[in-house]
Structure formats: C-alpha cells, structure tokens
Protein chains: 2
Amino acid sequence: MRRTSAETKSIILSAARERFAADGYERATIRSIAADAKIDPAMVMRYFGSKEKLFAAAAEFDLRFDALADVPREQLGAAFVRHFLRQWEAGEALQVLLRTGITNDGAAERMREIFAGQLAPRIAALTGDPASAPVRAAMISAQMLGIGLARYILQFPPVVGMSEDELVSWLGPTIQRYLTAD
Amino acid sequence: MRRTSAETKSIILSAARERFAADGYERATIRSIAADAKIDPAMVMRYFGSKEKLFAAAAEFDLRFDALADVPREQLGAAFVRHFLRQWEAGEALQVLLRTGITNDGAAERMREIFAGQLAPRIAALTGDPASAPVRAAMISAQMLGIGLARYILQFPPVVGMSEDELVSWLGPTIQRYLTAD
DNA sequence: ACTGTAGGCCAACACGTGTTGACAATCAAC
DNA sequence: GTTGATTGTCAACACGTGTTGGCCTACAGT
C-alpha cells in the first residue's frame, strides 16, 4: 500500500491526458500511459476498466463560458478569442478532444455535445436571439478549432509565432461578426 | 496476368484514399484497404513498398489556386471560400490530410508544405504584399480547415446543414478581411 | 502476532498488425 | 511448346496491443 487509490487514479488520469493530447487515441497505448505514470498497465485496467473508459474520464471538461457573462457587447469578440486561447493553453483537455475526435467517434460526439451544449446556450443568452444561436456557435467553434488546429496540432509557423494580442486582433472582429451579423 | 500493373496500382490507390479519409492513418489497415480493392494485402506491399509510402502516394495533391488568378479584388473572399469548399468535396485528398495530419507527423509536414507553399505565394501575388502573405495564408488556412473539420469530420449539425451559398455569406467577409486588413 | 483487505506487480492470453518469402497462374516472345 | 517474366495467392513471421488472473506486499484492526 504505497498510495491511496484516489491518488493513483488521478496520477493515471493526468498521464493519460498528456498522452492522448500528444498522440491521439490509437497511438496512446495503455502501456505508454502506465509507463509515464510509473505504474503497471494492469493498474490502469483495475481503476478504469478499459481504454475507452479511461479516455472518457480523460476527455471530461468544462469550457467555462460563464466567465464571459458580463462583458460589454462590443468587446465580446475579443473576449471570446482570449478566453478560447487560454482554454487551449490551460490544460490538455481541448487538445485531447481535437486529436482524438478525429479518429474516435465517441470523442467526436463529445465534441458536438460540448460546443452545441455549452457554447450555444451562452450565445443565446448573450445575444438574446435563441434561433440563430446554434449557427453562430458552430461558426465560432469552427474558427476557434481551426486556430487551435493550426497553432497546437499542425503548428503552422506563422500561427505559432503570433502573440495572444496579435491573434486577438486578427480573430476578434471575425468572432464579433459571427456573434452579431444580421 | 489478370490486369496490368498500373491498373491495380490505381485501384489500390483509390481504395487507400477512401480508407485513409474515413479512418485516419492508424485505423486504416493495409488489410482493410486490400479487402476494399478485392486484392491480396501482399500486392499492396509489392506495389507501394510500405504503408508509409502508400500513404505518401495517397496524400499527394494540388489545391489548384491558379483558378483564382483573375478574380476581382472585392470578390476574392467569396471566391476563395467557394474554391475551398469544392476542393473539400471534389476528392478525399483534403480529408485524408486532415484526418491523418493530426496523428501522423509526416502528414502534418505535408499539410504545412501545401498551405505555406501553395497558398502563401498565391496570396502574395494577389495582394502584392509578400511580407504579410504567410500570416494571411495561415489565417485563411485556419478558418477553412476549421470549417472542413466542423462540416466533414466532426459533423456539427448546423454546419452540415448549411448550403454552399450560406457558408459563402458567412465566411466570405472573413476571408476578405484576412486578405486585405491593414 | 495474526489475519483480512486493498494496492501493486508479473506473466500470459488471444488477437490484429505490417511485412516477407515461397509458390501458383497467366501471358508474350521465340 | 518452351522459356521468362509479370501478376496474383498463401501461409507464416515477429511484434505490439488490450485485457486477464494469480501472486506478492504492506498496512489496519483486533
């Protein structure tokens, strides 16, 4: 009995998040995750049951859009961009989702839930127009996922080289438009 | 001698493109590709040498931006969007690249080559400003890859449900801005 | 000191993978 | 009709995977 079960469980979880974020679902093997956590592969099974369930636990997260509740209308675009960029950098969760959502159907479904279920209602509340909220949410998601893809996954040099402020000045007006256009 | 070698080679290639586009690099197995092509797995090896080389052959393609050579300045944004959307739907090549570029380093590199090497020079020529072309190209790539991701891979319902014209009216001004902003 | 319980490790399983080599079938050239 | 080359098939290889069960090992309660 070296540790409590909750401790090792969380050690495994964070190792899993890193591996999934770096390698995607298929290439992140249970053995490599276990090695990172300095633990036996069988432990991963004991605590999470299967690779799918491990992944489900690792991909759980909250975009925390509530932080944007009282931003003035005209600054919403810039605020959204800044918020997204920080979410990308805060933890591996978004990278996990993007890397895996592309080959793993479960992850794609979760992505849809998150962006439709967390972003759209927020936009409906902010703009007061529930009818157009899903489309606006989808356009904003597409733009911000595209930037995440270019910056963190594909690593296009110009995008990697830009500062947060530069990105905000490029993307802010775009998001603002997706929020408010006709 | 049932067929000529060039024939079977091209049969394998198109089966490979479909599988890579649908499943990504890791999950598209040589056996499944061979099964689709109704051919022995060993043939794939004989003709392409390895899975990596098969992939390299399948991911080869040209974005054909030359088609945009004589579009009036003010319509460039809309024209770009329409061109990209048609490229997405024309063949599986772009989907192959996106699906695989996320887990396969070679594919990511190829993606960088294509977008920096084919798009940026075109933009430099169109705008007459070589210095800012790489950044503009990267921003446009990010937006268009994001839309492709949302529409063809993650299948966000609002994006899937939009017509080409609707997409152009949302995205056209964005691209126009990335082309011409200060 | 003894026992029960819970964390941790090891070895093995069944399976699917990319890849290889030897062998059969089919055609062209002479 | 025989030879030579080219297309196709079969079976097997070495390896890495997710997953399983049995076996230690350390602590808590009595």
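Chain naming here is simple, since letters A, B, ... match the order of the sequence lines and numbering starts at 1 in each. Source: prediction; values computed, not measured. The basis for the numbers below is simple: all heavy atoms, side chains too, and nothing from hydrogens, waters or symmetry mates.
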In terms of ring plane angle, is the pair B/W88 and B/Y152 parallel, tilted or perpendicular, where the classes change at 30° and 60°?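 Parallel, since the angle between the ring planes stays under 30°.
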
Do the rings of A/F84 and A/F115 sit parallel, tilted or perpendicular, given the 30° and 60° boundaries?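 Correct class here is parallel.
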
For the residue pair A/T103 and A/E26, confirm or rule out a side-chain donor-acceptor distance under 3.5 Å.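 Judged by distance alone, the side chains do pair up.
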
So if I apply the side-chain contact (heavy atoms from CB on, under 4.5 Å) rule between B/L145 and each of A/L149, A/I147, A/I153, which one comes out positive?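 Passing option: A/L149.
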
Hydrophobic cluster partners of B/I11 (side-chain heavy atoms under 4.5 Å):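 None, because no other hydrophobic side chain comes under 4.5 Å of this residue.
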
Mind checking who shares a hydrophobic cluster with A/I39, ILVMFWY linked at side-chain heavy-atom distances under 4.5 Å?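 Result for A/I39 is A/I12, A/L13, A/F20, A/Y25, A/I30, A/I33, A/M43, A/V44, A/M45, A/Y47, A/F48, A/L54, A/F55, A/V96.
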
Between [atom2] on [N] and [atom1] on [X], what's the gap in Å once rounded to a whole number?
X     : N      : atom1 : atom2 : value
B/D40 : D/dT9  : CG    : P     : 6 Å
A/M43 : D/dT19 : CE    : P     : 15 Å
B/E7  : D/dT6  : CD    : P     : 17 Å
A/R3  : D/dC27 : CZ    : P     : 13 Å
B/I12 : D/dT7  : CD1   : P     : 11 Å
B/I39 : D/dT7  : CD1   : P     : 11 Å

Protein heavy-atom contacts under 4.0 Å, written 5' to 3' over nucleotides 13-19 of chain C as B (base), S (sugar-phosphate only) or - (none), form the string ----BBB

Measure distances between side-chain N and O atoms of A/R46 and base N and O atoms of C/dG8, and say whether any donor-acceptor pair falls under 3.5 Å.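 Side chain to base: pair present.
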
Please determine whether a side-chain nitrogen or oxygen atom of B/T8 lies at a distance below 4.0 Å from atom OP1 or OP2 of D/dG8.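 For D/dG8, OP1 or OP2 has a side-chain N or O of B/T8 closer than 4.0 Å.
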
Using a 4.0 Å heavy-atom cut-off, does A/F48 contact any base of the nucleic acid, only the sugar-phosphate backbone, or nothing at all?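 It contacts nothing in the nucleic acid.
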
